[in-house]
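In what follows, chains are A, B, ... by sequence order, proteins preceding strands, each numbered from 1.
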Amino acid sequence: MEKKRFYITTPIYYPSDKLHIGHTYCTVATDAMARYKRLTGCDVMFLTGTDEHGQKIEDKAREAGVTPQQFVDHIVTGPRGILDLWKLMNISNDRFIRTTDGYHVSAIQKIFRKLYDNGDIYKGKYVGKYCKPCESFWTESQLVDGKCPDCGREVADAEEEAYFFRLSKYAERVRHLLEDTDFLEPRSRVHEMVNNFIKPGLEDLCVSRTSFTWGIPVDFDPGHVVYVWVDALSNYITALGYENNQYDDYGKFWPADVHFVGKEIVRFHSIIWPAMLMSLGEPLPKKVFGHGWLLLDGGKMSKSKGNVVDPYILAELFGVDALRFFLLRTFPFGSDGNFSNEALIQTINVDLANDLGNLLSRTVSMAGKYFDGQLPAVQAGDEEKDAELTGMISTLRDRYEEQMEKFAFQNALAEIFKVIDRANKYIDENAPWALAKDMETNGPRLGRVLYNLLEVLRISAILLTPFIPESAAEVLRQVGADASASSWESAARYGGLPETVTVVRGENLFPRVDAEQALEQLEQAAEAARKAALPDLEIEPQLPEKVDFETFSKSDFRAVKVKDCQAVKKSAKLLKFTLDDGTGTDRQILSGIAKWYRPEDLIGKTLMAIVNLPPRKMMGQESNGMLISAVHTEKGEECLHLLILDDAIPAGAKMC
RNA sequence: CGCGGGGUAGAGCAAUUGGUAGCUCGUCGGGCUCAUAACCCGGAGGCUGCAGGUUCAAGUCCUGUCCCCGCAACCA
């Protein structure tokens, strides 16, 4: 029989910045679903990627002084970039598409032309507000107090030639799709879409731009680039080989079984994307699932708020599996959830360390202690004591499957942990350590008790594989499950392990996290990250106020030679300079630069000072003037350099 | 009256078509000793934001009202 196929996607992420925990959440969820489907025997295609064009990337690249391509290359393929992150998170995507890939670019041009040829794309005028200094178009609603949101200056009515897609033409068909099918889930998103966008009337969509160049050129009209909708959404089919020769899986995998998307882009996927496909005459994806967001302190996570959570730090501190598990165990996939480090640590300790890890540890350890690691062939069941647990084990896969098919990861995991909880209780009820006191009599019973526990672990581990692949494999290894006892089929029934199974004691699967210590480490890491995010170089802005020449001329700057320099006692900052200022009398100046210079290094140097400042006392000593330094800020740290002059300049020379 | 989501124990969340308000953590008390100071049992703690209504029965349905969050069309 031919394998069932399953095509699942994440959104393609916009690499204008490093990705945060929210992106990781979505990708991990998609990965779990993909792994689950593979486990059940499906032929899976799992696609993720990056959407690399657009104004914002162009701007960011310019700021960074690199080409847009260099900019996105760095974020996508560079160290600790997106590819690295997915590798770290153990993401099992089969394909990775970048919208700058050559095959995608040419496919988009063909798609654009196809839509143009069939009359659904037409040339029109895009009317808006234009800010001349910024060279930017804005819509009425984007304006801040009627002015340009970027620079705050006045804007003027303007129009731009642009291509439009006849979205309006498909309004009724899309409405039907949303309201009368389960195309879009969760259901609550449907109301939002219909009320907000369809009922007011769908307007045609502007699908080209002339205001920036970092995009896919419209091949029959130079100057226009394809705007994001056509470019980005089409990735789901170009990555399969639609209108290109890079791949040849379109017939095999399209239509997609599900697009996982964040709720902020549900609109594009549930309205624009189906309409585009209708126009192309292609089948629609079977489902779009809009998942919720991870909130921080009840609010949205964003760079500008400075409250993004870095998945690298968490994965490195707690382990990839622990992080993956937490994300899918804690939050209902369809709605928002509150992320917190405390919740993460608690979940790791309670579910993974105390319940699962400890169950494995105590079970394997008892098998080692009482049976040298190999259970006896003769075992004694006890219907009354075993029925509840074995019943739960043998029906677990079905309950799990039911939840997984609804993308209810949280509930699927809850089902597994109900059984794990029950198993911990089962140990107490049967008190193996008491049985072990009389092996002659109780050996067979003890053997069966441990066998039942191993079965719980075996089946749980199989079902946990999509969530925590590495750890689940380790559980299976320790309980002595071979390949046939690790399959999806074998998870459907109790008794997959041979009765004389041999267990392998291993390291603790999930060590308990010391909450206090971990929180402190996170705080430090966050601090370091904040610092790294500071600009490389900051300089004081220039003063807008003018100074008249006469006032300036009153300042008497002179070259001075350092005859002696010492640290001022009891002062952390001050250095005391004895200077030759050319008058024949030594001049003493105190300067707060001890942080940057050792006194002995400065002796003999030629510096610049202003000598007609009124004398001032510091730490009980008199300072006559001020040494001139250059100051700037690097990564938030203040830097200072004395102006050190050519030694050929004689002491006392006037600066003018 | 722009749209949508949410207000349930100290905290974080659940509750199929209306049918005894549950779970995790925390807290208090007890048990066990195989295990990762873990595991097991029990107790306390709620007028389900507020006010009305429908019903034998409302967290759930209806009306009003207050508070929080997100979105508000070219923003990827």
Side-chain angles (χ1 to χ4, degrees), chain A residues 11-16 50-57 99 126 128 137-142 149 162 164-165 167 186 188-197 199-209 215 227-229 231-233 262-268 271-272 292-293 295 298-300 329-332 334-338 340 342-343 345-347 349-370 410-411 414 417-418 421 423-436 446 449-450 453 507-513:
Chain A
I12 49 176
Y13 303 106
Y14 199 62
S16 62
T50 44
D51 165 26
E52 307 189 351
H53 294 121
Q55 177 91 56
K56 196 166 173 186
I57 299 268
T99 55
Y126 169 55
F137 261 97
W138 304 104
T139 59
E140 201 69 54
S141 61
Q142 283 179 303
F164 286 83
F165 173 67
L167 190 56
S188 60
R189 311 256 181 242
V190 171
H191 306 127
E192 206 169 340
M193 290 306 117
V194 172
N195 288 334
N196 268 318
F197 306 117
K199 279 188 187 165
L202 273 185
E203 284 178 25
D204 288 349
L205 188 76
C206 179
V207 290
S208 80
R209 283 309 169 85
Y227 198 49
V228 60
W229 321 115
D231 180 0
L233 290 167
K263 65 178 184 180
E264 76 282 11
I265 50 174
V266 162
R267 207 183 101 222
F268 315 136
I271 297 176
I272 298 173
W293 277 345
L295 307 178
K300 189 178 166 180
R329 160 78 162 148
T330 310
F331 309 109
S335 40
D336 294 351
N338 248 313
S340 78
E342 287 80 0
I345 293 168
Q346 184 186 304
T347 302
N349 280 343
V350 173
D351 284 341
L352 295 180
N354 295 354
D355 290 350
L356 173 59
N358 189 40
L359 177 65
L360 175 69
S361 173
R362 60 202 304 210
T363 302
V364 171
S365 156
M366 283 190 281
K369 189 177 274 190
Y370 304 141
Q410 189 195 30
N411 295 345
F417 276 80
K418 271 185 216 162
D421 278 352
N424 274 315
K425 183 172 172 174
Y426 177 81
I427 295 181
D428 251 58
E429 290 167 349
N430 289 282
W433 51 91
L435 295 173
L446 180 54
V449 168
L450 293 181
L453 293 171
E507 290 291 299
N508 281 345
L509 201 58
F510 295 101
R512 272 182 70 82
V513 175

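- Here A:Ile57 lies out of heavy-atom contact (under 4.0 Å) with every strand.
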Contacts under 3.5 Å, N or O only, protein and nucleotides 24-30 of chain B:
residue : atom : partner  : partner atom : Å
B:rU24  : O2'  : A:Gln346 : NE2          : 3.4
B:rC25  : O4'  : A:Gln346 : NE2          : 3.1
B:rC25  : O2'  : A:Gln346 : OE1          : 3.2

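- With rounding to whole Å, A:Leu446 atom CG is found 10 Å from B:rC34 atom C1'.
- Distances shorter than 4.0 Å separate none of the side-chain N or O atoms of A:Lys425 from OP1 or OP2 on B:rC39.
- The nearest whole Å value for the distance from the CG atom in A:Asn430 to the P atom in B:rG31 is 21 Å.
- At a threshold of 4.0 angstrom between heavy atoms, the contacts of A:Ile12 with the nucleic acid are absent.
- If you check every strand for non-hydrogen atoms under 4.0 Å, A:Ala353 touches a base.
- At distances below 3.5 Å, at least one donor-acceptor pair connects side-chain atoms of A:Trp229 with backbone N or O atoms of A:Cys206.
- Residue A:Tyr227 places at least one side-chain N or O closer than 4.0 Å to OP1 or OP2 of B:rC75.
- Within the 4.5 Å cutoff, the side chain of A:Ile427 has heavy atoms near those of the A:Leu359 side chain.
- Rounded to an integer number of Å, the gap from A:Tyr426 OH to B:rC32 C1' is 17 Å.
- Using Watson-Crick or G-U wobble geometry with both donor-acceptor distances under 3.5 Å, B:rG12 finds its partner in B:rC23.
- We find that CG of A:Asn508 is positioned 17 Å from P of B:rC34, with the value rounded to whole Å.
- Contacts of A:Asp355 with the nucleic acid, taken as non-hydrogen atoms under 4.0 Å apart, involve only primed sugar atoms and P, OP1 or OP2.
- Using a 4.0 Å cut-off, no side-chain N or O of A:Arg362 falls inside it from OP1 or OP2 of B:rC40.
- B:rU8 and B:rC67 have their C1' atoms separated by 16 Å, given to the nearest Å.
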Pairwise N/O distances under 3.5 Å, protein to nucleotides 6-14 of chain B:
none

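- The 5' end of RNA chain B is approached more closely, in terms of each residue's nearest nucleotide, by A:Ser361 than by the other of A:Arg267 and A:Ser361.
- Counting to the nearest Å, the C1' atom of B:rC32 and the CD1 atom of A:Ile427 are 12 Å from each other.
- Along RNA chain B, the nucleotide nearest to A:Thr363 and the one nearest to A:Cys206 differ in position, and the one closer to the 5' end is contacted by A:Thr363.
- When heavy atoms are screened at a 4.0 angstrom cut-off, A:Pro511 is found touching base atoms of the nucleic acid.
- The residue A:Asn424 sits close only to the backbone: its heavy atoms come under 4.0 Å of sugar-phosphate atoms, none of a base.
- If you check B:rC34, B:rC39, B:rC74 against the side chain of A:Tyr370, the one that comes closest is B:rC34.
- At the phosphate of B:rU36, neither OP1 nor OP2 sits under 4.0 Å from any side-chain N or O atom of A:Asn354.
- At the heavy-atom level, A:Gly357 lies under 4.0 Å from base atoms of the strands shown.
- In this structure, of B:rC75, B:rU36, B:rC32, it is B:rC32 that holds the atom nearest to the side chain of A:Trp433.
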